[in-house]
Every structure is written in structure tokens, then in C-alpha cells.
2 protein chains.
Amino acid sequence: MYESLFNYIKQHSKSPISADDEELIKKSFLPRGLKKKELFLEQGSICNYTGFILKGAMRQYSVDDSGTEHIIQLAIENWWMVDRESFLMKTPSVYNIDAWENTELLVLSLENLERIHTIDAIKEMFWQMNQSNFIASQKRLNYSISLPALERYEELVKNYPDFVQRFPQHTIASYLGISKETLSRVRNKYVHK
Amino acid sequence: MYESLFNYIKQHSKSPISADDEELIKKSFLPRGLKKKELFLEQGSICNYTGFILKGAMRQYSVDDSGTEHIIQLAIENWWMVDRESFLMKTPSVYNIDAWENTELLVLSLENLERIHTIDAIKEMFWQMNQSNFIASQKRLNYSISLPALERYEELVKNYPDFVQRFPQHTIASYLGISKETLSRVRNKYVHK
DNA sequence: CTGCGACGATGACATTTGTCAATAAAGAAT
DNA sequence: ATTCTTTATTGACAAATGTCATCGTCGCAG
């Protein structure tokens, strides 16, 4: 159950984990299941948990005045899902998070995060994760302001081919900030070139 | 000279700073001046320093095939400027960073960062900074994929009025991912509504 | 098995934004 | 003072993308 979490930790830190640490970590993460379409976080409420995905696929998105969803983040196995602003500041979230497939998570409250943050490996892992998240976010932003639709799609296929496999096209379109029709046309160009 | 840096640290952490810590921090940050338009980082080279801006204004941007600049990040007094990916991984950067005004910095190498990272206040400060950077980046991304040009501009004016004051319109346009002509027209709508 | 809803493709058209060119005003350099 | 550069605005037109409607397919719930 906790195997992929510990694998993730080991991959993202060099510090060893004692048996005691391991116990503390296990006690701090709670298992949770989500059915397809079930909400993990609803707009207006506080994000009380960070989730580590053991199995499944999730979406984080905003909904605008016209009811259109805008995908902020997609995540599958071995990714984290949380609205950090809401989680850290305990403020109502402007985003929704739900399960796109039936999903199994390990969830961590802020209190438990602080508790295990005394462990070097955990501290290091979150540090690493923060850095790479920021870098990825900045990269996506760069693409978003500098590349046309086709090239943004190509970058996504190159960097996150799993997303393109696991999520329907209209979700991918929203992630890229374009309409589903535009993505459909852009893909036509893409496969024929 | 180091006053605003220590103010920044105090604002972003609760841990106290001993006299020894203060000395170590002072020794780890080197003062550096940049003249207007002078490069702090050139595309293709490694970003060896993180800079804390004491005075002035800087831009981080990519340059595409057609020679157009795309502004990734703007920064003024009390902001940090760095290409994290290049800085942390010691890989050649895809971005340029330069001074838009004559600028005074305190710069920190990765080695010195690791040296002062033993200090709780520093660790906490960077942790805080990472979190808020990520949140800001995600917010900007959200706007970029979900709002039209006018509303993106309004958000910028609301959240970072200083940027709009300090940088010329074509730079703001590039930051928003639109052409300078579009921004000019959008501003007309904005001031007349 | 059947029907309904989700998904994706496509055409017609509207809207937004970009590009290019011309102009003018404000600064910076000499 | 004069020149040169940078910045901002505007018009005409082009290109990219969005919107709306329609259709066909597929998978799943009843």
C-alpha cells in the first residue's frame, strides 16, 4: 500500500529513513478512495489534504462565469494533488479537484505534514518536489504565452504522453487553454505532418 | 546594504537569527551592480547565482525563432531573480535575464545557498518563498488559459500595479502573452469603462 | 438488446488577436 | 539644439481561435 510512496520519497531524497520514521510516515498518511467524478475538493471549501495518487487519475480546474471548466493540473499515479494555496493558508479554494478515474490516494493533513516535516528525507523530498513543480509550472507558462496551439500540443505529447492517453481530448484542450474544436483540428495537422 | 535582505528574511520566517548566522549570511551574499540592459544571465549559459534585488528592475525572458522576446518574469526591489532550473541543475538556461533599470543586487551561489541552508530562518524563508512563487505561478497560468486579454491586464493592474508603472507597455504586453498593439487597444477599453 | 449520453470530427461563421505600416510624442545621447 | 531611439497609438488587413450546430461512433446503464 505504502510502497509507491516510499519509492517516491527515496527517488526524491538522499537521506535515509529509519524504521521509526517509516512508522511515523505510515501513520500520517491515510488511505482514501474516490470514485470516478467524485470531488476531492469543492470550490469554496478548504483543501484539508494533500493527496499522493496510488492509482487513478485526477483533475484540478476552475469554473468560469459561463460554466466552462479550465484545467489547472492533471495528475496520475505517483503525482501529488492539492490546492496549495488553500491547503497552506486554510483559505477557501477557487478550484475544484475531482477523480477522472476511480482513484486510490494517500492523504496527508497539514498537521501531519508538519509532524513528519521533522524527518530529513521528507523535508528534502518536498523541497525537491517544490522546485520541480515550480520549474514545470514556469515552463508551461512560457509555452502558454509564447507558442501557438499546435506547438503547445506537441510539447504536451512530448513531455506528458500519459496525459494524452488517459484523459479525453476536451480535457487536454482545456489544459492547453484552447477549445476542443481547435484541438481536434490541430491534431489533424499534427498526425498528417 | 543588507538591511532589506534581513527584513525580507524576517517577514518570511519566524525563526530567530543569531549574530553568527547574520555574519554567515552576510558573507554568503555578494553585492553586484548591473547597468540598464546589462545581462545577468545569457541563454545557453548556466545561472550561477540567485539575485535578491536591492534597487532596480529586471526581466527574465525567452527569445523565439523570430527574435521576439517573451517575458517570463518581472522583478523589482525585494524580489528574487534566478532561473531555478539552470541554477539548481547547473544546466544551460533557455532564458535571458537582464536589468531594465540600473540595478543593485545581492547574489548567492548554489554552494553558499547550501551553506546557509543550515540556518532555520533561511530554510523557512526559502520554503515560504517557494510556496508563494508556485501559487503565484499557478494563478498566472490559470489567468493565461482562462481569461481574455482585457481581464488578464486588469488582474495585473490589481495584483502588481508597480510592474505597470515601472515597465513599458510592450514589456507588459509580452508578460501577458499578447502583442503590444492589442494591449494598447485593450487599455483604451480599460480606461473608458 | 437498446437507448442514451459522452466523445470527437467537421462545416459555417463570428470574434479575437496578430501583423504590418504609418505617425507622433517623449526621452536619451551627442 | 539637434538627432536618434524608444515608446505608444491607430488603421487596414490577415491569421488564429472560438462558437454554434450537426453528425457519427462508441460504450455503458438499464
Side-chain angles (χ1 to χ4, degrees), chain A residues 35-38 57 59 61-71 74 98-102 143-157 163-193, chain B residues 35-38 56-57 59 61-71 74 98-103 143-157 163-193:
Chain A
K35 285 188 192 140
K36 179 164 178 162
K37 305 222 174 174
E38 190 177 343
R59 319 180 299 155
Y61 55 97
S62 62
V63 182
D64 69 18
D65 307 332
S66 72
T68 313
E69 294 175 354
H70 301 279
I71 304 287
L74 298 174
D98 68 11
W100 184 250
E101 303 172 1
N102 292 336
Y143 296 150
S144 161
I145 64 173
S146 63
L147 298 182
L150 172 58
E151 289 163 47
R152 293 219 290 285
Y153 179 68
E154 288 174 334
E155 282 295 335
L156 182 65
V157 172
F163 287 175
V164 182
Q165 299 300 320
R166 298 275 285 271
F167 295 95
Q169 275 186 42
H170 62 264
T171 299
I172 299 294
S174 171
Y175 180 91
L176 294 171
I178 60 182
S179 68
K180 59 192 198 306
E181 294 89 345
T182 296
L183 179 58
S184 174
R185 289 174 179 124
V186 142
R187 265 171 49 91
N188 250 294
K189 283 198 219 164
Y190 177 70
V191 297
H192 292 128
K193 81 172 204 181
Chain B
K35 286 189 193 141
K36 180 165 178 161
K37 305 219 174 175
E38 190 176 344
R59 318 180 300 156
Y61 54 98
S62 62
V63 181
D64 67 21
D65 308 331
S66 71
T68 313
E69 294 175 354
H70 301 279
I71 304 286
L74 299 174
D98 69 10
W100 183 250
E101 303 171 3
N102 292 336
T103 297
Y143 296 150
S144 161
I145 63 173
S146 64
L147 298 182
L150 172 58
E151 289 163 45
R152 294 219 291 285
Y153 179 68
E154 289 173 334
E155 281 297 334
L156 182 66
V157 171
F163 287 174
V164 182
Q165 299 299 320
R166 297 275 283 271
F167 296 94
Q169 274 185 42
H170 63 263
T171 298
I172 299 295
S174 171
Y175 179 90
L176 294 171
I178 59 182
S179 69
K180 59 194 198 304
E181 294 90 345
T182 295
L183 179 56
S184 174
R185 289 174 179 126
V186 142
R187 266 171 49 91
N188 251 294
K189 284 197 217 165
Y190 178 70
V191 297
H192 291 128
K193 80 172 206 182

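When the C1' atoms of four end pairs are superposed on the next four at each end of the helix from dC1(C)-dG30(D) to dT30(C)-dA1(D), using five pairs per end, the two resulting axes differ in direction by 50°, to 10°.
The backbone N or O of K36(B) lies less than 3.5 Å from a partner atom in the side chain of N102(B), making a donor-acceptor pair.
Taking both residues in full, the closest heavy atoms of V186(B) and A149(B) are given as CG2-CB, 4.0 Å, listed atom of the first, atom of the second, then distance. For I145(B) against G177(A), the heavy-atom pair with the smallest separation is CB-CA, 3.7 Å. The shortest heavy-atom contact between T171(A) and I71(A) is O-CG1, 3.6 Å.
Residues satisfying the salt bridge (charged side-chain N to carboxylate O under 4.0 Å, His left out) criterion with E151(A), sequence neighbours excluded, are absent altogether. Evaluation of the ring-ring contact (aromatic ring centres under 6.0 Å, His included) rule for Y175(A) yields no partner, not counting sequence neighbours. Partners of R185(A) under the salt bridge (charged side-chain N to carboxylate O under 4.0 Å, His left out) rule, at least two apart in sequence or in another chain, do not exist in this structure. With sequence neighbours excluded, the residues that form a salt bridge (charged side-chain N to carboxylate O under 4.0 Å, His left out) with E101(B) are R166(B). Residues that satisfy the side-chain hydrogen bond (donor to acceptor under 3.5 Å, both in side chains) test with S184(A), not counting sequence neighbours, are absent from this structure. By the side-chain hydrogen bond (donor to acceptor under 3.5 Å, both in side chains) test, D65(B) pairs with no residue at all, sequence neighbours left out. With sequence neighbours excluded, no residue forms a side-chain hydrogen bond (donor to acceptor under 3.5 Å, both in side chains) with H170(B). With sequence neighbours excluded, no residue forms a side-chain hydrogen bond (donor to acceptor under 3.5 Å, both in side chains) with R152(B).
Between the P atom of dT9(D) and the OH atom of Y190(B) lies a distance of 14 Å, rounded to the nearest Å. Taking atom CD1 of residue I145(B) and atom P of nucleotide dG18(D), one finds them 12 Å apart after rounding to whole Å. If you take CD of Q169(A) and C1' of dT10(C), they are 13 Å apart, rounded to a whole angstrom. In this structure, the CG atom of L150(B) is 12 Å from the C1' atom of dT16(C), given to the nearest Å. Computed from coordinates, the L147(A) CG to dG18(C) P distance equals 14 Å when rounded to whole Å. For the pair R187(A) CZ and dA16(D) P, the computed distance is 20 Å after rounding to whole Å. Separating the OH atom of Y153(B) from the P atom of dT17(C) is a distance of 15 Å, rounded to the nearest angstrom. Between L183(A) atom CG and dT19(D) atom C1' there is a gap of 16 Å when expressed in whole angstrom units.
Taking the side chain of T182(B) as heavy atoms from C-beta on, and the options dG18(C), dT10(D), dT7(D), the nearest nucleotide is dG18(C). Closest to the side chain of P148(B), from the set dT17(C), dG8(C), dT7(D), is dT17(C). Picking from dT10(C), dT17(D), dT7(D) the nucleotide with the shortest atom distance to the side chain of A149(A) gives dT17(D).
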Each nucleotide of nucleotides 21-30 of chain D classed B (base within 4.0 Å of a protein heavy atom), S (only sugar-phosphate) or -, in 5' to 3' order, makes ----------
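Less than 4.0 Å separates DNA chain C from no heavy atom of any residue of residues 61-68 of chain B. Within a heavy-atom distance below 4.0 Å of DNA chain D, the residues of residues 170-179 of chain B found are H170(B).
Between the side chain of R185(B) and the base of dG11(D), at least one donor-acceptor pair of N or O atoms lies under 3.5 Å.
Proximity of N188(B) to the phosphate of dT10(D): a side-chain N or O atom is located under 4.0 Å from OP1 or OP2.
For the atom pair CH2 of W100(A) and CZ of F163(A), the computed distance is 14.5 Å after rounding to the nearest 0.5 Å.
For the pair Y190(B)/V157(B), a side-chain contact is recorded, criterion being any heavy-atom separation below 4.5 Å from C-beta on.
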